[in-house]
Amino acid sequence: MQKVIVIGGGAAGLMAAVTAAQNGAEVLLLEKNDRLGKKLLITGKGRCNVTNTAPLQDFVKNIPGNGRFLYSVFSKFFNWDTWSFFEELNVPLKEERGGRVFPVSDKAIDIVNAFVNLLYSLAVQIKYNEDVKEIKVENNKAVGVVTSKGDFYKADSVILATGGASYPGTGSNGEGFKIAQAVGHNIVDLHPALVPLECEEDWVKNWQGLSLRNINAKVIVDGKEEREMFGEMLFTHFGVSGPIILSLSRQIALDLKAGKNVELSINLKPALTREQLDKRICRDFERYSRKQIKNALHDLLPSKMIMDIIDLAVIDEDKFVNQISKEERERLVDLLQNLTMTITHTRPLSEAIVTGGGISTKEINPKTMESKLIGNLYCIGEVVDVDAFTGGYNLQAAFSMGYVAGVDCAKE
């Protein structure tokens with residue numbers, strides 16, 4: 001019977017632990033917190049977006065950080081396997097907009113509890129408050145781990161599943177990168193992959209808490225339009241966030257790091273052409289012709305935005321609608337379809353949902369997740385240089401890597 005140590009009780013580590021045990025291994029799970037799955041509990045706003053129903057090719061396209069590396073693990077454990085896995089553990093799932101999959105209960109705790117119950121039923125030994133500091137290597141093979149308390153745990157295989165450097169309060173404080181580096185692995189520069197953005201303009205802060213749906217966001221780098229995305233965004237006290245902003249943030253972080261000038265252009269009315277929007281505004285102006293402009297845009301915009309939009313369009317807020325010139329109206333139309341803000345920074349890596357960078361995929365066997373440098377050492381989850389957009393892609397990547405590592409390390 002193979003003795004396996006799993007370092008970290010997050011999504012990847014939990015899947016690796018149960019899979020190794022199901023395949024006959026004696027498993028010890030070492031968790032630095034006093035409970036398992038702390039980051040899982042906050043994913044999907046506490047609802048836990050476990051996977052996505054997208055077909056394989058589309059799925060990989062949503063993993064800009066080395067998605068092709070995952071083809072092999074996805075061939076062995078993919079989205080419908082995840083669905084079946086939880087259904088068999090009496091956690092029914094449901095599909096929502098965009099192929100996102102959540103527990104029917106909308107409670108992440110049900111996902112964590114399902115794992116915990118399965119671990120106990122498989123006699124997996126769990127040690128809490130165990131902070132691993134070192135992987136012991138002999139003859140170029142992992143033989144065990146040493147904790148911060150100085151305890152040594154012997155093993156035939158070690159699975160490193162410590163997470164990234166995001167949300168350090170959940171336990172993923174970047175220690176795993178140091179552990180991997182100490183045994184010879186190269187760490188690709190870390191950067192926030194799904195992270196809110198800070199803006200230069202003060203008016204953005206006035207819109208704090210405002211969520212906009214069905215808008216189009218376009219990224220402009222050094223004056224050139226680079227990419228765009230349609231969906232939902234959120235204004236904050238420092239800038240912008242929300243699903244499409246987070247998905248765009250990965251490349252923006254890299255552009256900012258390279259010293260490039262980054263702007264974000266928001267089309268608040270992407271369903272309308274410029275001419276259609278102009279006609280729409282003309283109809284509103286006819287309806288409210290005797291009102292001041294500051295009281296005539298409530299059909300068009302959320303209240304929080306109106307005064308700033310009028311100011312940005314260089315229109316006197318007290319001017320009556322029937323006095324608005326064609327040039328002023330055209331400025332308003334242009335602004336609504338090209339509201340531009342300057343991105344100055346991302347929020348810190350500690351606030352990112354996912355860490356970009358990590359253990360180089362070139363040093364990991366994609367078929368087994370075993371290190372190419374150190375035998376019997378497996379690296380899985382966010383500690384690896386793999387990251388995806390929001391929508392269940394990151395968790396599926398973690399589950400798939402965990403499953404494959406769990407199967408392989410259990411072999412005699």
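Positions are given from 1 along the sequence.
- Between the side chains of Ser325 and Glu328, at least one donor N or O sits under 3.5 Å from an acceptor N or O.
- At a cut-off of 3.5 Å, with distance as the only test, a side-chain donor of Tyr378 or Asp408 sits close to an acceptor on the other residue.
- In summary, Asp299 and Arg287 engage in a salt bridge, as defined by a charged side-chain N under 4.0 Å from a carboxylate O.
- For Phe285 and Phe320, the ring centers sit 6.0 Å or farther from each other.
- Summarising the local packing, NZ of Lys279 is surrounded by 12 or fewer heavy atoms from other residues, nucleotides or ligands at distances under 6.0 Å.
- Between the side chain of Ser249 and the backbone N or O of Ile252, no donor-acceptor pair lies under 3.5 Å.
- A salt bridge between Glu134 and Lys136 is present, with a side-chain N of the basic residue lying under 4.0 Å from a carboxylate O of the acidic one.
- Within the 4.5 Å cutoff, side-chain heavy atoms of Val50 are placed close to those of Phe399.
- Applying the salt bridge (Lys or Arg N to Asp or Glu O under 4.0 Å) test to pairs two or more places apart or on separate chains, those with a residue in residues 378-387 are Lys39-Glu382, Arg250-Asp387.
- A donor atom on one side chain and an acceptor atom on the other are not found under 3.5 Å apart for Thr82 and Thr51.
- In this structure a side-chain-to-backbone donor-acceptor pair under 3.5 Å is present from Asn140 to Leu373.
- In this structure, Tyr403 and Phe77 have parallel ring planes: the angle between them is below the 30° cut-off, well short of the 60° mark.
- Under the 3.5 Å distance criterion, the side-chain polar atoms of Ser75 are matched with a main-chain donor or acceptor of Ser72.
- For Glu317 and Lys319, the salt-bridge test fails: no basic side-chain N is under 4.0 Å from an acidic carboxylate O.
- Under 4.0 Å is where a charged nitrogen must lie from a carboxylate oxygen, and between Lys38 and Glu31 no such pair does.
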Item to complete: Evaluate salt bridge (charged side-chain N to carboxylate O under 4.0 Å, His left out) for Glu130 paired with Lys32, printing each intermediate quantity in order.
Response: CA-CA 5 Å; Glu130 288 284 5; Lys32 70 186 301 181; over 6 Å; no
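- Contact check on Lys178 versus Glu175 returns a salt bridge, with a Lys/Arg side-chain nitrogen under 4.0 Å from an Asp/Glu carboxylate oxygen.
- In this structure, Phe78 has its ring center under 6.0 Å from that of Phe74.
- With respect to the salt-bridge test (charged N to carboxylate O, under 4.0 angstrom), the residues Arg274 and Asp278 do not qualify.
- Taking a cutoff of 4.0 Å between a charged side-chain nitrogen and a carboxylate oxygen, Arg47 and Asp106 qualify as a salt bridge.
- Listed by chain and residue number, nothing satisfies the side-chain hydrogen bond (donor to acceptor under 3.5 Å, both in side chains) test with Gln125 (two or more places apart in sequence, or in another chain).
- Between Gln396 and Asn52, the side chains place no donor N or O within less than 3.5 Å of an acceptor N or O (distance only, hydrogens not considered).
- In the model, Ser371 has a side-chain atom that pairs as donor or acceptor with a side-chain atom of His185 under 3.5 Å.
- Annotation for Lys304: atom NZ counts as buried by contact number, over 12 foreign heavy atoms lying within 6.0 Å.
- Ion pair Glu226/Lys218 not flagged as a salt bridge, since none of the NZ, NE, NH1 or NH2 atoms sits closer than 4.0 Å to an Asp/Glu carboxylate oxygen.
- Around the NZ atom of Lys107, the shell of radius 6.0 Å holds no more than 12 heavy atoms that belong to other residues, nucleotides or ligands.
- The 12-atom threshold is not exceeded at NZ of Lys61, counting heavy atoms of other residues, nucleotides or ligands nearer than 6.0 Å.
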Practice prompt. For Trp207 and Asp308, run side chain to side chain donor-acceptor pair (under 3.5 Å): C-alpha distance rounded to whole Å, both residues' side-chain angles, the deciding distance at 0.1 Å, then the answer.
Written response: CA-CA 9 Å; Trp207 302 352; Asp308 287 310; 3.0 Å; yes
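- Ionic pairing of Lys257 and Asp255 is not present here: no N-O contact between side-chain nitrogen and carboxylate oxygen is shorter than 4.0 angstrom.
- Between Ser211 and Glu232, the side chains place a donor N or O and an acceptor N or O closer than 3.5 Å (distance only, hydrogens not considered).
- Not a single donor-acceptor pair under 3.5 Å links the side chain of Asn33 to the backbone N or O of Asn129.
- Note on Asp202 versus Lys205: salt bridge recorded, some NZ/NE/NH1/NH2 to OD/OE distance being below 4.0 Å.
- Asn267 and Ser265 share no donor-acceptor pair across their side chains, judged by distance under 3.5 Å alone.
- The pair Arg100-Glu95 does not count as a salt bridge, with every side-chain nitrogen at least 4.0 angstrom from each carboxylate oxygen.
- No side-chain heavy atom of Val137 sits under 4.5 Å from any side-chain heavy atom of Val143.
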